[in-house]
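Each remark here refers to the structure printed beneath this line.
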Amino acid sequence: MIRSDNGYFGEFGGRFVPEILLPALTELEDLFFGLRDDPDFWEEYVTLCQEFSGRPTPLTPLRRLSKQLGGAQIWLKREDLNHSGAHKINNVLGQGLLVQRMGKQRVIAETGAGQHGLATAIMAARLGLEATIYMGAEDIERQYSNVFWMRQLGSNVVGVTTGAQTLKEALDEALRDWAASVETTHYVLGTACGPAPFPELVSYFQSIISDEIKEQSQRQMGRLPDEIVACVGGGSNAMGAFGAFLEDHEVALVGVEAGGLSLEDGKHSVRLSHNTGETGIAQGYKTLFLQNDDGQLGDTHSIAAGLDYVGVSPILAYLSQQGRVIPESATDDEVTEAFSLLMKTEGIIPALESAHGLAGGFKRAREMRPDQNVVINLSGRGDKDIFNIARAFPQREWTEFLQREAARSTELLAQKRGH
Amino acid sequence: MIRSDNGYFGEFGGRFVPEILLPALTELEDLFFGLRDDPDFWEEYVTLCQEFSGRPTPLTPLRRLSKQLGGAQIWLKREDLNHSGAHKINNVLGQGLLVQRMGKQRVIAETGAGQHGLATAIMAARLGLEATIYMGAEDIERQYSNVFWMRQLGSNVVGVTTGAQTLKEALDEALRDWAASVETTHYVLGTACGPAPFPELVSYFQSIISDEIKEQSQRQMGRLPDEIVACVGGGSNAMGAFGAFLEDHEVALVGVEAGGLSLEDGKHSVRLSHNTGETGIAQGYKTLFLQNDDGQLGDTHSIAAGLDYVGVSPILAYLSQQGRVIPESATDDEVTEAFSLLMKTEGIIPALESAHGLAGGFKRAREMRPDQNVVINLSGRGDKDIFNIARAFPQREWTEFLQREAARSTELLAQKRGH
Amino acid sequence: MFPAQYDDLQIMSHAVVGFPSLEENEKAIAGLAAAGVKLIELQVPFSDPVADGHTLVNACYEALKHGGSVQATLDLAQRVCARHPEVTFILMSYLNPLYRYGLEDLFEQAAAAGIRGMIVPDWPVEEIEPWLPKLDALGLAPILMVTPNTSPERVAKITRASRGMVYVVSRMGVTGHETQWGEKFQNYIAEIRKHTDLPLAVGFGVRTADDLEALAGKAEVAAFCSQYIEWQRDDGSEVAAQKMHSIIETIPQA
Amino acid sequence: MFPAQYDDLQIMSHAVVGFPSLEENEKAIAGLAAAGVKLIELQVPFSDPVADGHTLVNACYEALKHGGSVQATLDLAQRVCARHPEVTFILMSYLNPLYRYGLEDLFEQAAAAGIRGMIVPDWPVEEIEPWLPKLDALGLAPILMVTPNTSPERVAKITRASRGMVYVVSRMGVTGHETQWGEKFQNYIAEIRKHTDLPLAVGFGVRTADDLEALAGKAEVAAFCSQYIEWQRDDGSEVAAQKMHSIIETIPQA
Ligand SMILES: Cc1ncc(COP(=O)(O)O)c(C=O)c1O
Ligand SMILES: Cc1ncc(COP(=O)(O)O)c(C=O)c1O
């Protein structure tokens with residue numbers, strides 16, 4: 001895995017946080033630096049992922065689809081089969097091991113769509129930790145199903161009502177909580193962003209994905225893949241899929257961002273390509289942000305709530321600046337098309353986030369030769385967010401079902417009160 | 001695995017179908033009998049499960065929960081981590097291999113809650129088969145989310161409006177379709193029930209579960225478990241979990257049925273214990289059915305849609321008659337309690353079906369010694385049916401969310417029409 | 001009694017016991033008898049009638065709510081067999097209600113009530129064979145089914161175990177849809193005749209005068225059931241009987 | 001200018017540029033000056049003010065809608081520094097708006113506008129150090145923060161890089177909640193004084209006359225910000241200035 005130069009990757013990264021958070025970050029960094037080269041620690045982590053989350057996840061060949069597209073052989077790295085339904089759990093389990101070593105009894109996390117919050121709630125339940133999850137009130141409103149699960153898991157979900165009430169504000173609010181609780185609380189950051197050592201630490205745990213891809217591609221293809229494609233929100237699944245291949249220059253690494261509705265301001269989340277992102281310093285680190293001339297962070301849009309983020313991993317900002325990672329983007333329409341194509345041709349329901357990787361990967365595979373191999377990181381499954389997907393594919397039957405279900409639910413509540 | 005005596009297990013089993021279905025059943029039986037002792041076929045099946053569904057699924061120790069209950073060590077066999085979220089996919093993938101060998105281009109299936117229908121839709125998409133899924137109109141009404149996915153996967157979902165419009169009628173209707181289409185169509189039966197060779201065939205494919213448990217318990221416990229516990233709907237996950245242990249008499253095998261609201265007629269689905277089920281012949285086979293004195297099949301109830309079935313595997317009927325399988329039941333209330341306990345203590349969201357196994361297993365584990373081991377088969381995950389679970393845990397926030405979402409959905413539809 | 005081989009085409013029609021009600025069954029049967037129907041199936045309604053089409057499935061569902069049962073069927077048989085000696089009554093049922101009643105008792109009581117034959121679609125020949133001596137002693141004819149995909153060996157076995165008639169399923173599928181009576185069908189009939197001298201009752205998809213015309217001279221019995229039950233459901237038993245009468249009049253006689 | 005060490009307690013108060021509006025900022029600052037406030041932070045509103053409590057977060061959100069920006073802050077500074085020479089104006093901002101503006105330009109223009117100090121909560125000392133010669137040359141004092149969990153080595157480093165004052169974060173957490181001024185706090189202050197002769201500005205949780213009474217004689221400056229902004233939000237700038245005046249009157253003088 002890539003290593004930072006004192007928290008920096010080229011010009012990106014760093015640790016721009018209120019002084020009060022510094023000791024916790026240093027403590028975490030010291031702990032992490034002390035463990036990351038310890039094979040026993042890695043083994044402990046791999047065992048945990050195996051026994052709790054079912055790793056290794058398979059590398060699934062898409063035989064029918066590859067034939068249909070007529071280009072390279074396409075393989076999916078099946079992070080959707082993880083416990084909780086996405087790669088997010090890898091990082092969270094790893095941080096759980098650190099929490100236990102630090103002896104802290106409480107964790108906090110920010111979450112946008114809810115996937116990282118859910119993963120954190122799961123880890124907290126499993127380890128017996130108290131958990132508070134910050135989530136924008138607007139996100140809660142739209143992603144209540146994840147909130148439902150987090151609460152069932154025993155987590156305290158706090159709606160953030162400042163600003164636009166979405167992920168960015170939730171992250172700010174989690175930092176505020178942390179500033180007040182840093183001595184007893186660990187902040188489980190959910191992606192390869194934020195102040196050092198988070199980008200490096202999250203990438204380290206997620207690199208279990210590329211470790212497996214490497215071994216599996218040798219076994220299943222007889223060599224390394226020609227390309228690896230991943231969607232890029234904060235960048236954790238991409239760094240996970242790319243990590244072990246950074247020195248293998250024959251393997252192209254492609255990150256697909258959310259092209260949204262268009263490249264107009266506020267209609268997308270493209271930070272790496274198209275010169276839409278500009279260097280900035282916020283949320284604890286320096287990277288390419290969507291922002292205006294005054295340095296105010298911008299609005300974002302994506303059909304996939306998990307890609308709807310204003311910053312991006314400083315490591316990816318650096319690697320794409322260096323030309324090692326090729327940035328691409330996929331529009332909402334391309335994404336729904338790739339989503340349907342995978343479902344109907346291979347029987348796999350992707351997360352809308354991951355469908356960005358599919359859209360980008362399919363496009364590239366089409367231009368390649370049948371003796372080449374493309375691995376797309378399927379970062380999560382789609383059935384975890386039926387509400388989002390139903391919004392992307394409006395249908396009368398679904399609307400009617402929701403109406404009936406709302407009525408049924410009202411009745412059940414009344415019965416419960418009657419007890 | 002257990003073998004039938006000409007389709008019978010003791011007095012249970014057989015093949016009581018309209019004559020027109022006989023050739024297809026014989027063809028299937030001949031094919032299956034020719035393959036089941038072929039290690040290459042098993043290997044092909046195991047590889048398919050590995051590469052597409054992520055097998056082997058882990059055996060997860062529940063350290064915190066076992067300690068809290070103070071009895072035996074509890075382990076979960078994690079069928080919830082399968083692609084599609086339940087053990088049902090194992091059987092369906094196996095039958096997919098048979099379909100390919102028969103050269104048929106169309107599959108049909110019955111489904112209750114939708115889990116088996118979803119698994120079938122997935123397999124059909126992956127193999128490029130046409131699929132028609134029969135589902136009671138009443139079940140569609142309540143489980144629309146699975147219908148949504150089946151349709152997105154390209155399957156034709158047909159609502160069955162005869163009788164009580166639930167699983168039983170869907171099964172009847174699938175048999176009717178099959179009678180008309182048997183030469184081109186394979187009927188993918190979803191559980192270890194129905195006419196021979198289905199009980200044997202489904203148990204054979206599902207026995208991959210107990211094969212893995214056996215190997216994993218040797219490795220993780222150093223010996224075989226003392227008990228294996230599974231919920232019993234039709235019986236496929238139970239037969240899957242028990243299969244490899246039938247001759248290991250030191251391993252107790254416990255099947256937990258749906259105790260529902262009470263043992264009153266129509267309020268439960270208990271067929272094996274409590275003398276509620278009586279020998280009968282219907283839906284193509286002989287087993288213990290819930291039925292009245294006139295031989296009419298009875299009404300059933302369970303909080304878990306997938307356990308809400310009137311018959312039971314003839315193999316389990318036989319094994320429980322023989323005393324090899326211990327039948328237990330868990331009431332709806334015990335189930336929701338076990339459900340919450342697992343979530344809050346271990347961070348795993350069980351299917352309500354599987355939560356019956358948990359309820360039964362926790363109760364037994366409590367009475368055992370800490371040096372003993374109980375494996376509970378976690379047949380599926382719960383996040384696949386948030387609507388069911390939300391019904392079991394009524395909450396104001398959920399009701400309000402549904403109302404908002406219904407309004408949002410209506411608006412999206414209007415926009416789409418506007419295009 | 002059952003027709004003899006090569007007799008003119010007769011109609012077999014149907015009553016679902018309890019549909020639309022037990023009282024109405026008796027009137028309907030009287031109507032059918034008056035209309036010239038010589039064979040009538042008395043169907044024990046069942047919760048899971050897998051070999052029936054939607055018309056009969058729904059009729060069963062209704063019938064169960066109105067008291068249809070094995071006992072009600074035996075009681076009805078007792079009365080109608082006595083009242084209509086010119087009609088041959090056949091018990092039609094799925095296996096489970098009979099099984100629960102007790103097969104031996106059931107056979108004896110059905111025979112005693114005047115029932116002459118039995119059609120049980122989910123009762124395979126292998127399970128029937130051991131009962132043949134008993135059934136023969138009672139004069140209760142098991143009428144087994146052959147279908148277009150039944151192998152010749154199995155046709156031989158089934159016809160061997162059949163008594164009274166052989167029920168020929170006209171085509172793939174369940175009751176109540178359209179079918180064809182062309183060359184393929186005639187070859188099929190011819191194949192079956194190679195194995196048996198019993199008269200053939202053709203069922204599944206016999207719904208119109210055209211169907212009857214097509215079957216005349218090819219089979220001895222046409223099972224005219226779903227269409228009749230639809231008439232009964234939609235127009236009442238009296239009109240249904242009139243329609244039945246009209247359609248019987250159209251059957252060509254040799 | 002900045003107070004000297006052990007001067008009587010002074011109030012530092014606050015303006016969020018653009019909140020409630022740019023015009024209102026000028027009136028509010030005039031009101032604060034008239035009320036006897038000697039130090040005023042001019043906060044550049046930011047979309048992601050991680051070190052602020054909800055009052056200031058919401059004020060930033062509003063301010064951005066009403067034209068708050070770096071340029072607006074510099075323009076305002078130009079006017080109010082000239083108009084209120086008795087008040088020391090301090091630029092408060094998160095780093096990004098300044099970084100996007102261009103740090104060098106920004107420092108020069110801020111100094112030229114009359115700004116004397118700078119509080120940038122997410123700008124770590126390591127990143128500030130290289131700028132010290134430039135800032136010193138401009139007379140623009142970086143006011144750095146120490147917190148209760150800052151290690152002694154780091155307090156040394158931070159106080160060394162600070163100019164004008166050291167900002168003492170009173171307790172764990174962000175602005176706008178309650179705090180305590182007991183023995184633990186006094187030990188904390190004493191620790192910091194070991195490292196610096198600069199006056200100390202205590203911030204976070206200074207909301208009442210009691211707080212001020214407690215701080216008098218212990219620190220040179222009390223940052224009275226969130227509470228003031230709440231007054232301004234709820235009662236308008238005029239009433240807020242009156243309240244500020246009343247509270248300043250209560251401060252015990254040595
Ligand atoms: C399934 C899935 N994929 C991708 C992402 C994007 O995050 P990252 O870029 O950190 O992988 C998310 C975020 O929630 C997600 O849930
Ligand atoms: C998760 C799960 N477990 C168990 C069952 C019950 O079926 P069986 O008894 O065949 O395992 C179902 C049926 O849908 C199911 O979805």
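Within every chain, numbering begins at 1; the chains are lettered A, B, ... in the order of the sequence lines, protein sequences first and strands thereafter. Owing to the predicted nature of the structure, the values given are computational and were not obtained by experimental measurement.
- For a residue to count as touching a neighbouring chain, one of its non-hydrogen atoms must lie under 4.5 Å from one of that chain's; by this rule C:Phe46 touches chain B with backbone and side chain alike.
- Between chain C and the residues B:Lys286, B:Glu19, B:Glu169, the most heavy-atom pairs under 4.5 angstrom are made by B:Glu19.
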Walk me through it: do B:Arg15 and C:Glu126 pass the test salt bridge (Lys or Arg N to Asp or Glu O under 4.0 Å)? CA-CA 10 Å; B:Arg15 183 184 291 148; C:Glu126 292 79 2; over 6 Å; no

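- Between the side chain of C:Asp48 and the backbone N or O of B:Gln283, no donor-acceptor pair lies under 3.5 Å.
- A salt bridge links B:Glu278 to C:Arg100: at least one charged side-chain nitrogen sits closer than 4.0 Å to a carboxylate oxygen.
- Residues C:Tyr99 and B:Thr279 are in side-chain contact: their nearest non-hydrogen atoms beyond the backbone lie under 4.5 Å apart.
- Annotation: salt bridge (charged side-chain N to carboxylate O under 4.0 Å, His left out) contacts of B:Asp139 (sequence neighbours excluded): none.
- Residues B:Glu183 and C:Asn149 have side chains that never bring a donor and an acceptor to within less than 3.5 angstrom of each other.
- With hydrogens and angles disregarded, no donor-acceptor distance shorter than 3.5 Å links the side chain of B:Arg176 to the backbone of C:Ala51.
- Only the side chain of C:Leu64 comes within contact range of chain B, judged by heavy atoms closer than 4.5 Å.
- At a heavy-atom cut-off of under 4.5 Å, chain C is reached by B:Leu22, B:Pro23 from residues 22-36 of chain B, listed in order of number.
- Comparing C:Glu127, C:Gln71, C:Glu62 by heavy-atom pairs within less than 4.5 Å of chain B, the highest count is held by C:Glu127.
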Ignoring hydrogens and angles, write down the donor-acceptor pairs under 3.5 Å from the side chains of residues 103-115 of chain C, residues two or more places apart or on other chains.
unit_1: C:Glu104; atom_1: OE2; unit_2: C:Lys134; atom_2: NZ; d: 3.3
unit_1: C:Glu108; atom_1: OE2; unit_2: C:Lys134; atom_2: NZ; d: 2.4
unit_1: C:Gln109; atom_1: OE1; unit_2: C:Tyr101; atom_2: OH; d: 2.7

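- Heavy-atom distances place both the backbone and the side chain of C:Val70 under 4.5 Å from chain B.
- Interface with chain C: from residues 157-168 of chain B, residues B:Thr162, B:Gly163, B:Ala164, B:Lys168 qualify, criterion being any non-hydrogen pair under 4.5 Å.
- The backbone N or O of B:Gly295 lies less than 3.5 Å from a partner atom in the side chain of C:Asn96, making a donor-acceptor pair.
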